[in-house]
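As structure tokens, the structure follows; a few thoughts come after it.
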Amino acid sequence: MSTAVKWKLEEPPSTTIALAGNPNSGKTTLFNALTGARQHVGNYPGITVERKEGIINLKGTRVKLIDLPGTYSLSAYSQEELVARNFLVNEKPDIVVDIVDATMLERHLYLAIQFFELGIPMVLALNMMDDAKRQGLIINTEKLSQLLNCPVVETVARSGQGKRELIETAIQHAKQDRNNQTPLEISYGAELDLVLDTMTEIIQQHQFMTDRYPARWIALKYLEDDAEIIRYGKLNGKVSEKLEAIVKNTKDHCLRTLKVSPEAIIADYRYGLINSILKQNIIIQEKSRQERIDVTTKLDAVLVNRFVGPILMIAILYGMFQITFSVGEIPMGWLENLFSWIAATATRLIPEGLLQSLVVSGIIDGVGGVMGFVPLITIMFLMISFLEDSGYMARVAYMLDRVLRIFGLHGYSAMPFIISGGIAGGCAVPGVMATRTLRSPKEKLATLLTAPFMPCGAKLPVFMLLVAAFFTEYKAQMMFSITLFAWIMALLVAKLVRSTVIKGKSTPFIMELPPYRLPTLQGIFIHTWERTWQYIKKAGTVILAVSILLWAAMTFPGLPEQQQNQFEKERQIALNTTTAATERQQMVNEINNREGQTALRHSIAGRIGTSLEPVSGLAGFDWRTNIALVGGFAAKEVIVSTFGTAYSLGDVDPEAADTLSARIASDPSWNKFTALAMIVFVLLYAPCVVTVIAMAKESSWSWAIFATVFNTVLGFGMAVAIYQIGTNLFM
Amino acid sequence: MPESLRQIASGETAIVTAVTATGEVGRRLRDMGLSPGTEVKILGRAPLKDPVSIRLRNYTLTLRNNEADFIMVKKVEGIE
């Protein structure tokens, strides 16, 4: 029986637990520890914030776990906060497990207080207990639980310590508390309390949104000027106006007499409450200030030092670049061999003809060319995940913020750039998706429009091919220069769009530098696997389809019979007249090649390539390059494989890039400047289809199309300039 | 004499007296724990002297000088 059927028969989960908490509280680590690999990643409906779900079985109870996005508060400042809040209100999980960092209890409880106010049954997970012990913090868990009136469980997410107790407590508590949880009512001082009471009465009287939220909470959100709640309230008409009037009065009064907004007063009282709780001997500091060894501040004294920091950052990024290529080369070689073996086997098994050509030249070449880069991509993502999870990426954003701001970007733009290939070998698809951490739509747009300039893993083989052909002696320097050039172009174009089409002020930069932590292997592997899998999926779908399509375009229509006969006749003559076997073979090869070239030129792709020559010639691109570049629109990986096919529809092994680069190097239509023009064009021109789709999802179709056209025009302009100046001045 | 966080040198400690930002910036600053009475230590500044990194409530926060302008502080002398 198939597992699918069994799956259907299983009961729906009896309890839904939502994991919430501040960013860097170890929430995802705990989620991974609880669910292992059995998790499902998706997006919240209509929004691109990641939604992770997992189902665990515990003594016959099926529990659904939801990993909510990390938030500092429920104030609806960011998309993440809104998603978390709406989830809690709309989907009503049975219980929320709020994960707090025990070493930063003061700040992390700020979110917990807001859960209490929303009246959601909650269990507090006191995470990072190992760090707390190291810092000499002793926490009176029992008393904290008493004062907060909610279960508190100590955990160490990294080692999985306490996870079982946590889940059991959560399930138990969910059963008990399902309907008798009353929202916490905090006193916000005599004046605000009075206003809140009045508002609460009005809200209750009209049953104003009370089906969704607690009445006093709605009043509180009106006082806090919560855009989302007020927007929602306005749909319900008159009551909202009444409330808004009260809020306005109160606000004026507060500003006049106390010089602060009600919002600020509310926050102060929340922190006040937290302090009053913690002051009751909840935390005992065993070690004195001097005794404590704070690894993070020590490391930061060097790593984000004004002078040493940037140098180390470049060294680290360059090191990653080196490791990716030197280590990645090895498994890449294996995969290349594997695919050429598969191709050879297929050639042997399938009789010569169209089918063989389709399978070998179309499918195996196309998809194999892309799969060959999986190890490189994996290593790259492994390292990026490591940098992210260790906390270093936040430091990069911190150090680069001022520089990026000059170009109308934001510190948060650094990560999308790096993932897109800012240190060579990334992928623009997750890069574009990473722009969602940017708060301002304008900075986000500028970032996602320019991130595809980065030398992603799919463009690399093109560069390596051309560098090997024309600049062998400067391999490393060339690759590094290409990366540098990509950054410069991305920054300049960002500046251009930010001072023209998407003008606007920069948004605030307020970011936590999380403590340095050694990432967990599981976390890194899950993270890396998710991204690598996306890449493999792309190879199996889009690229497979494109490869077949391009193969067809390059094969049909075949040469007319008359011409075929002509080549056959030449071959016969060669076979009959020359005596030496090697010489004879050489001549036949040469004829086969010529026939291949003629046939290619005759095909649809060849005709398209030829028809583009008058324009592309300005940049030195001939018809074969054109075919490859047009194919590259679909996926950059296609460029090299198309080149391979275009340059050798004859007998020679089309897999070996070295042979191909040698062939290109010896082709009279190529020179250093053609190669440079091609490198620049490939770097800058239209993003691949998958990226364009991702861009459209993150912004809009018009911006995605804008990028496609603009980048192509820009790339071509630069390519023409390089080729024309180069060939006219230096040759 | 009221000073803003921008004026505090690296290594110095100060107590927040007021957060004058309104709207979203104010909300975020408060969410991150910057409320009156909080002790803040300046850890250092980024390569181009902006943003600034500060230590409060046992964690590290970074913000730009533009945001630091909203945070009024009173210097604490003689601690450490």
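Labels below follow one simple rule: chain letters A, B, ... track the order of the sequence lines, proteins then strands, and each chain is numbered from 1. Side-chain atoms are counted along with the backbone in the values below, which use heavy atoms only and exclude waters and symmetry mates.
Residues Arg64(B) and Ser506(A) approach most closely at NH1-OG, 3.3 Å, considering heavy atoms. The two residues Tyr398(A) and Ala46(B) have their closest heavy-atom pair at OH-N, 3.1 Å. The shortest heavy-atom contact between Met104(A) and Tyr59(B) is SD-CB, 3.5 Å.
Using modelled atom types, one side-chain atom of Arg27(B) and one backbone atom of Glu224(A) make a donor-acceptor pair closer than 3.5 Å. For Tyr271(A) (side chain) and Arg30(B) (main-chain N/O), a donor-acceptor pair under 3.5 Å exists by modelled atom type. Although no hydrogens or angles enter the test, the distance criterion places a donor-acceptor pair under 3.5 Å between the side chain of Asn58(B) and the main chain of Thr103(A). No side-chain donor-acceptor contact under 3.5 Å links Ser35(B) to the backbone of Asp268(A). Judged purely by atom type and a 3.5 angstrom limit, Tyr110(A) has no side-chain atom pairing as donor or acceptor with the backbone of Asp31(B).
By the side-chain contact (heavy atoms from CB on, under 4.5 Å) test, Glu12(B) pairs with Ile8(B), Ala9(B), Lys75(B), sequence neighbours left out. Contacts of Arg45(B) classified as salt bridge (Lys or Arg N to Asp or Glu O under 4.0 Å), with partners at least two apart in sequence or in another chain: none. Remark: Glu24(B) pairs with Arg439(A) by the side-chain hydrogen bond (donor to acceptor under 3.5 Å, both in side chains) rule, at least two apart or across chains.
Remark: Leu43(B) CG to Leu513(A) CG distance equals 8.5 Å, nearest 0.5 Å. To the nearest 0.5 angstrom, Ile510(A) atom CD1 is 7.5 Å from Arg28(B) atom CZ. For the atom pair CE (Met399(A)) and CG (Leu48(B)), the distance works out to 11.5 Å, reported to the nearest 0.5 Å. How far OG1 of Thr38(B) is from CZ of Arg107(A): 12.5 Å, rounded to the nearest 0.5 Å. One finds the OG1 atom of Thr297(A) at 5.0 Å from the CZ atom of Arg55(B) (value rounded to the nearest 0.5 Å). Separating the CG atom in Asn66(B) from the OG1 atom in Thr507(A) is a distance of 11.0 Å, to the nearest 0.5 Å.
Chain A forms more heavy-atom pairs under 4.5 Å with one residue of Gly26(B), Gly44(B), Pro36(B) than with any other, namely Pro36(B). Of all the listed residues (Pro508(A), Ser73(A), Pro515(A)), the one sharing the greatest number of non-hydrogen pairs under 4.5 Å with chain B is Pro508(A).
Using a 4.5 Å cut-off between heavy atoms, Thr71(A) does not touch chain B at all. In this structure, chain A has no heavy atom under 4.5 Å from any part of Thr22(B). Proximity to chain A (any heavy atom under 4.5 Å) is shown, for Leu61(B), by both the backbone and the side chain. Within the 4.5 angstrom heavy-atom criterion, atoms from both the backbone and the side chain of Ser53(B) approach chain A. Only the side chain of Arg405(A) comes within contact range of chain B, judged by heavy atoms closer than 4.5 Å.
Heavy-atom neighbours of chain B within the stretch residues 308-317 of chain A, taken at a separation under 4.5 angstrom, comprise Pro310(A).
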